[in-house]
Amino acid sequence: MAKAKKKYRCQNCGDISPRWQGQCDNCGEWNSLEEEAGVTVFSAKHDLQTGGRSVQMVDLNSAIELPKRCSTDINEFDRALGGGLVPGSAILLGGDPGIGKSTLLLQTVANLAYKGLKTAYISGEEAVDQVRLRARRLGLGDAPVSLAAATSVRDILTTLGDGEPPALIIIDSIQTMHSDQIEGAPGTVSQVRSSAQELIRFAKKCGSALILVGHVTKDGSIAGPRVLEHMVDTVLSFEGERSHQYRILRASKNRFGGTDEIGVFAMQEKGLTEVANPSSLFLSNRDDHVTGGAVFPALEGTRPVLIEIQALTVRLASGATPRRAVVGWDSGRLAMILAVLEARCGLSFSTCEVYLNIAGGYKVSDPGADLAVAAALISALAEKPLPSDAILFGEIALSGDIRPVAHAALRIKEAEKLGFEQVFMPYGGSEVKAMKQQKFKTLRNLVDHMLGRD
Ligand code: TYD
Ligand code: MG
């Protein structure tokens, strides 16, 4: 006998609880549990081994039809997607408010429309006139895009289902969409999930590419149910600092390509422009005689990006607790490098305030940055500038050893293109024949070299 069972879902994390309670067991949020539409649960007595249809099993090694991709005519966007939009696929684009999601998508949709493809831009956040104004400002006012301001999924799908289906559908944003199949206000977990499900089903059926804009929460993850990320084929995030002009488009999941490529854009007067040479963006105007600066060739997927690491140390007169402030890097990692410099190399930072900054508002997660950070710190403390034509990379172990990092050749090649002439790097790893190489075994060797003790 089937019976309806009540369940309660946390609107914060999506966890399910069989009864209502004030606090979610999973994420600890208060008053976040809401009743979900009843689900029918059959008693488990049925034996599932009989009564079904048999499923056809196939070889792994049979002919495949590769999806035909459609270029967005924005190279950096295509690159992040793994080569263009795949018809019938769903993409979730997340990012902080004001980062430029709507701008990027408007430019994309206009490009496709100019190529003669049918496109639809559905805005649930802005009025039609606002979108038109933005398009005009971007110089795209005459693009033959079908534009609508709507939030009812039923209305949207009824409209789109009429006539030839669009090649690209933009939904800005999924949190504003409302499906009348279930109850609840737009933005709740069940509404977001159900609206997304309907839209994705339509896109798959009609072979349209679908891009859903998703809001992000305070900690940067896409708001709403985590399942949203499972439902789509590709998850892209648009990152960057509002105060800086560069933006990075990064895939964190991609069923049709790799997740290690990034697209780099700059937000300008006339919208987002592509940045083909990101290194120029992150290397500030460098001066030969400034202490505390080091250039690190970071790797974004297979793409090297040269960035400047800046360190500043300030001696404290009294016994006050010295500050450590980091922008763009992990503060735990900085503490580790400081500890290794202190314990293995005899350099004391305990009476100094230490500030570390990655120029251009870039965020580094590549562990190969350790050596460049250490060199910037040593340079700041000893007031000795590093050679301005040098790049540095290497991972530092707690023992003070410097370990090789991946793709040394790629990093060196990019630096060479930009006029750098020497590299400070670890021993080991693959051999690279290029520019002057100074190899260091331990951090102590680097300190000795920089202080002129070797
Ligand atoms: P928007 O695309 O609305 O961001 P999102 O959809 O992610 O919330 O971007 C808005 C910001 O971009 C806004 O602060 C102004 C800026 N901007 C420019 O600098 N130049 C432009 O040409 C456009 C259209 C926006
Ligand atoms: Mg927007």
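In each ligand, atom 1 is the first atom listed, and ligand 1 is the first ligand listed.
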Considering only the protein, which heavy-atom contact is closest to atom 16 (C) of ligand 1, and what is its distance?
M267 CE, 3.9 Å
Give a yes or no on whether a salt bridge exists between D172 and K101, defined as a side-chain N under 4.0 angstrom from a carboxylate O.
no
To which protein heavy atom is atom 23 (C) of ligand 1 closest, and what is the distance rounded to 0.1 Å?
R137 NH2, 3.3 Å
Atom indices of ligand 1, in the order listed, that fall short of 4.0 Å to a heavy atom of E269:
20 (N), 21 (C), 22 (O)
Of all the heavy atoms in L106, does at least one lie under 4.0 Å from an atom in ligand 1?
no
In this structure, atom 3 (O) of ligand 1 is nearest to the protein heavy atom R134 NH2, 2.8 Å
Heavy atom of protein inside 4.0 Å of atom 11 (C) of ligand 1, strictly below:
yes
Charged N-O contact under 4.0 Å between E239 and R250
yes
All heavy atoms of E229 vs all of L92, minimum pair found to be CG-CD2, 4.1 Å
Which residue and atom name correspond to the protein heavy atom nearest atom 8 (O) of ligand 1, and how close is it?
G98 N, 2.7 Å
Among protein heavy atoms, which sits nearest to atom 6 (O) of ligand 1, and what does the distance come to when rounded to 0.1 Å?
S102 OG, 2.6 Å
Salt-bridge contact R333-D370 (side-chain N to carboxylate O under 4.0 Å)
yes
Can you name the one residue among V109, N111, L147, I169 that meets side-chain contact (heavy atoms from CB on, under 4.5 Å) with T119?
V109
Give yes or no for whether the N/O distance cutoff of 3.5 Å, strictly under, is met between P97 and ligand 1.
no
Looking at K413 and E416, is there a salt bridge between them, counting it only when a charged N and a carboxylate O are closer than 4.0 Å?
no
Taking only non-hydrogen atoms of L138 and a 4.0 Å limit, the atoms of ligand 1 in range are 22 (O), 24 (C)
Taking 4.0 angstrom as the limit, do D330 and K363 come out as a salt bridge?
no
Hey, is Q268 one of the residues with a heavy atom under 4.0 angstrom from ligand 1?
yes
Starting from the C-alpha separation in whole Å, work towards a yes-or-no answer on side chain to side chain donor-acceptor pair (under 3.5 Å) for S179 and E198.
CA-CA 8 Å; S179 150; E198 294 303 320; 5.8 Å; no
Considering only heavy atoms of D96, which atoms of ligand 1 have at least one such atom less than 4.0 Å away?
7 (O)
Can you name the nearest heavy-atom pair linking A376 to A294, along with the distance?
CB-CB, 4.1 Å
Starting from atom 4 (O) of ligand 1, locate the nearest protein heavy atom and write down its residue, its atom name and how far away it is, to 0.1 Å.
G100 N, 3.1 Å
What protein heavy atom is closest to atom 2 (O) of ligand 1, reported as residue, atom name and distance in Å?
T103 OG1, 2.6 Å
Whether R411 and D366 form a salt bridge (side-chain N of Lys/Arg under 4.0 Å from carboxylate O of Asp/Glu) is what I want to check.
yes
N/O/S atom of S102 under 2.8 Å from the Mg ion (ligand 2), yes or no?
yes
